[in-house]
Amino acid sequence: QVQLVESGGGLVQAGGSLRLSCAASGRTSSSGAMGWFRQAPGKEREFVAAIGRSGGTTLYADSVKGRFTISRDNAKNTVYLQMNSLKPEDTAVYYCAARGGYIATWSGYDYWGQGTQVTVSS
């Protein structure tokens, strides 16, 4: 089992920045690829970004490309999501996820965190 705990959410004005963190514990050897997803009220959960085991591959949703950056520190078992130029439509609960494998991917995640709220005011 892998446990994931997100932090760093909050309230920010449009155009501002936030950095989310996700700390993994437990059987971290199973947390190869890691990703971020989000779910806005009344909408389905959607993929945001993913990163491969070594950090060599990344993947982004078109809606965040150029504004968000995913990274990881394997020594700390932590993955980050730097979010810049935030828009009101980025408001959602953001979830960290993990799965086995080496490359970034947008599906097939086995482990999920509890989520952290991000609210962007206009």
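Computed over heavy atoms, backbone and side chain alike; hydrogens, waters and symmetry mates excluded.
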Main chain of [Y], side chain of [X]: is a donor-acceptor contact present, judged purely on distance under 3.5 Å?
X     : Y      : result
Thr57 : Ala104 : yes
Arg99 : Ser107 : yes
Arg72 : Ala33  : no

Determine the sole option in Trp106, Phe68, Tyr60 for which the side chain to side chain contact (heavy atoms under 4.5 Å, CB included) test with Val48 is passed.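 Output: one option passes, namely Phe68.
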How far apart are the closest heavy atoms of Tyr94 and Glu6, and which atoms are they? O-OE2, 3.9 Å
Check whether any side-chain heavy atom of [X] sits under 4.5 Å from a side-chain heavy atom of [Y], and report yes or no.
X      : Y      : answer
Glu46  : Arg38  : yes
Ser71  : Asp73  : no
Tyr95  : Leu20  : no
Phe37  : Tyr109 : yes
Trp112 : Arg45  : yes
Val118 : Met83  : yes
Thr91  : Gln117 : yes
Leu4   : Met34  : yes

Do Phe47 and Val64 belong to the same hydrophobic cluster, where Ile, Leu, Val, Met, Phe, Trp and Tyr are linked whenever their side-chain heavy atoms lie under 4.5 Å apart, directly or via other members?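 Different clusters.
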Taking ring pair (Phe, Tyr, Trp, His ring centres under 6.0 Å) as the test, write out the residues that go with Tyr80, two or more places apart. none
Report the C-alpha separation of Asp62 and Lys65 in whole Å, then their side-chain angles, then the decisive distance to 0.1 Å, and conclude whether the salt bridge (charged side-chain N to carboxylate O under 4.0 Å, His left out) test is met. CA-CA 5 Å; Asp62 287 343; Lys65 204 171 292 184; 3.1 Å; yes
